[in-house]
Amino acid sequence: MLREDLKGLYSALLVPFNEDGSVNEEGLRKIIRHNIDRMNIDGLYVGGSSGENFLLGKEEKKQIFEIAKDEAKDQIKLIAQIGSSNIYEAIELGKFVTDLAYDAISAVTPFYYRFNADEVYNYYKEITENVENDLIIYSIPLLTGVDMGIKDFERLFKLPRIVGVKYTSADFYLLERLRKTFKQQLIFSGFDEMLVPAVANNVDGAIGSTYNVNGIRSRQIFDAVKSNDLQKALEIQNLTNDFISAVLNNGLYQTLKYILQREVKSDKQFYSRKPMAQITEEQKQEAENIYQKFIK
């Protein structure tokens, strides 16, 4: 059955760290409130790539899941990305967030080792058999090296608790085939810069890191395409992509965290988790220019 209640726009939650690498709880709570109160997003995708999840230990992940639920409560939908190449950790985290009453879990395909289709299938099967929550597949082949075709998705979608996919791929032919074939599965777009064609292919929502600061424009794009105002949607996407290009050229996490620090008026710098580099003075200057031009 289609999870209608999970449709919408989700910020892939960015996590600020302190200089010593610990979670900046005050800053994280402010970012969550900013997403809810100013970006008006429908939900948060917690523990994904944007949260630097794969640089964290299990207890740190739990800490972030707890803070997000405590701050957001039931104001918005919460999806927890619990996936890991350590399946036992994934299952433990899945049970943990289910006890916290997260609305759904998500799991990235197992990565690093070249897992075959049966191994990927069994990974999801084991998670769904051990965690009593609906699961959204997280497909991001550019980073995981795991490419799945229509037959792979068909097999996975037959698992009782799998309700959809976060689709972060530029293969829009496959996206179109998935949408046509699996009408009862949720499909979320994962590339912020390609929101127009994704919505034109009738995705159920989108999950993106830039929505933390650019959520309002993203909503405008989504609504304009749904209203068949393609010209308006393209104009906003063009501006959004100018913003995204500037951010990528200056450093993705460094720039977004600088902008968020400015937006929530935090006195403490929002650090990234090592080995990610910290923002330089030159990057700060350019990030300020980006903020003044696109966000303020």
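Between Lys58 and Glu92 there is a salt bridge, with a side-chain nitrogen of the basic residue lying less than 4.0 Å from a carboxylate oxygen of the acidic one. Salt-bridge formation is not detected for the pair Lys274/Asp20: no Lys NZ or Arg NE/NH1/NH2 atom is positioned less than 4.0 Å from an Asp or Glu carboxylate oxygen. The pair Glu263-Lys30 does not meet the salt-bridge criterion, since no charged nitrogen lies less than 4.0 angstrom from a carboxylate oxygen. Between Arg114 and Glu119 there is no salt bridge, since no side-chain N of the basic residue sits under 4.0 Å from a carboxylate O of the acidic one. Under a 4.0 Å N-O distance rule, the pair Asp223/Lys232 does not qualify as a salt bridge.
Of all the heavy atoms in Asn201 and Arg179, the pair that sits closest is O-CG, 3.1 Å. Taking every heavy atom of both residues into account, Ile82 and Ala107 meet most closely at CD1-CB, 4.2 Å. In plain terms, the two heavy atoms of Asn202 and Lys226 that are nearest each other are OD1-NZ, 3.8 Å. The two residues Asn214 and Arg217 make their nearest non-hydrogen contact at OD1-NH1, 2.7 Å.
Inter-residue side-chain proximity for Arg161 and Glu129 is flagged as unmet; no heavy-atom pair is nearer than 4.5 Å. Annotation: side chain of Ile105 is in contact with side chain of Val97 (closest heavy-atom distance under 4.5 Å). Inter-residue side-chain proximity for Lys257 and Ile279 is flagged as unmet; no heavy-atom pair is nearer than 4.5 Å. Taking the side chain as every heavy atom from C-beta outward, Val165 and Leu186 never approach each other to under 4.5 Å. For the pair Leu44 and Ile32, the minimum side-chain heavy-atom distance is below 4.5 Å. Annotation: side chain of Leu9 is not in contact with side chain of Ile207 (no heavy-atom distance under 4.5 Å). Looking only at side-chain heavy atoms (C-beta outward), Ile290 and Ile295 stay at 4.5 Å or farther from each other.
Between Phe111 and Phe54, the distance separating the two ring centers is shorter than 6.0 angstrom. Ring centroid separation for the pair Phe153 and Phe182 does not come in under the 6.0 Å cut-off. You'll find the ring centres of Phe294 and Phe243 inside the 6.0 Å limit.
Taking the centre and axis of the six-membered ring of Tyr291, the NZ or CZ atom of Lys296 falls outside the cone set by 45° and 6.0 Å. For Lys62 and Phe96, the positive end sits near the middle of the six-membered ring, less than 6.0 Å away and at most 45° from its axis.
A donor-acceptor pair under 3.5 Å links the side-chain atoms of Glu52 to the main chain of Arg273, judged by distance alone. Checking side-chain atoms of Ser84 against main-chain N and O of Ile87 turns up no donor-acceptor pair under 3.5 Å. Of the possible donor and acceptor atoms, one in the side chain of Thr128 sits under 3.5 Å from a partner among the backbone N and O of Lys125. Under the 3.5 Å distance criterion, the side-chain polar atoms of Glu193 are left unmatched by any main-chain donor or acceptor of Ile244.
Gln75 and Arg33 are linked by a side-chain donor-acceptor pair at a separation below 3.5 angstrom, with hydrogens and angles left out of the test. Using a 3.5 Å distance cut-off with no hydrogens or angles, the side chains of Ser22 and Asn18 do pair a donor with an acceptor. With no hydrogens or angles considered, a side-chain donor-acceptor pair links Tyr45 and Ser106 at under 3.5 Å. Side chain to side chain, Asp192 and Ser218 fail the donor-acceptor criterion of an N or O pair below 3.5 Å. Of the N and O atoms on the side chains of Asp229 and Ser227, not one donor lies less than 3.5 Å from an acceptor on the other residue. In summary, the side chains of Ser49 and Tyr138 do present a donor paired with an acceptor at a separation below 3.5 Å, with no hydrogens or angles considered.
When hydrophobic clusters are built by joining Ile, Leu, Val, Met, Phe, Trp and Tyr residues whose side-chain heavy atoms come closer than 4.5 Å, directly or via intermediates, Tyr113 is grouped together with Ile140. Transitive grouping of hydrophobic side chains (ILVMFWY, heavy atoms separated by less than 4.5 Å) brings Tyr112 and Leu55 into a common cluster.
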task: Evaluate salt bridge (Lys or Arg N to Asp or Glu O under 4.0 Å) for Glu176 paired with Lys180, printing each intermediate quantity in order.
output: CA-CA 6 Å; Glu176 183 273 336; Lys180 180 179 186 295; over 6 Å; no
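Put simply, the residue from Gln269, Glu288, Lys284 that forms a side-chain hydrogen bond (donor to acceptor under 3.5 Å, both in side chains) with Tyr258 is Glu288. Of the candidates Lys7, Lys77, Arg219, Arg219 is the only one forming a side-chain hydrogen bond (donor to acceptor under 3.5 Å, both in side chains) with Asp42.
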Under 3.5 Å donor-acceptor pairs involving side-chain atoms of residues 130-137, not counting sequence neighbours:
unit_1: Asn130; atom_1: ND2; unit_2: Glu126; atom_2: O; d: 2.7
unit_1: Asn133; atom_1: ND2; unit_2: Thr98; atom_2: OG1; d: 3.2
unit_1: Asn133; atom_1: ND2; unit_2: Tyr102; atom_2: O; d: 3.3
unit_1: Asp134; atom_1: OD2; unit_2: Arg3; atom_2: NH1; d: 2.6

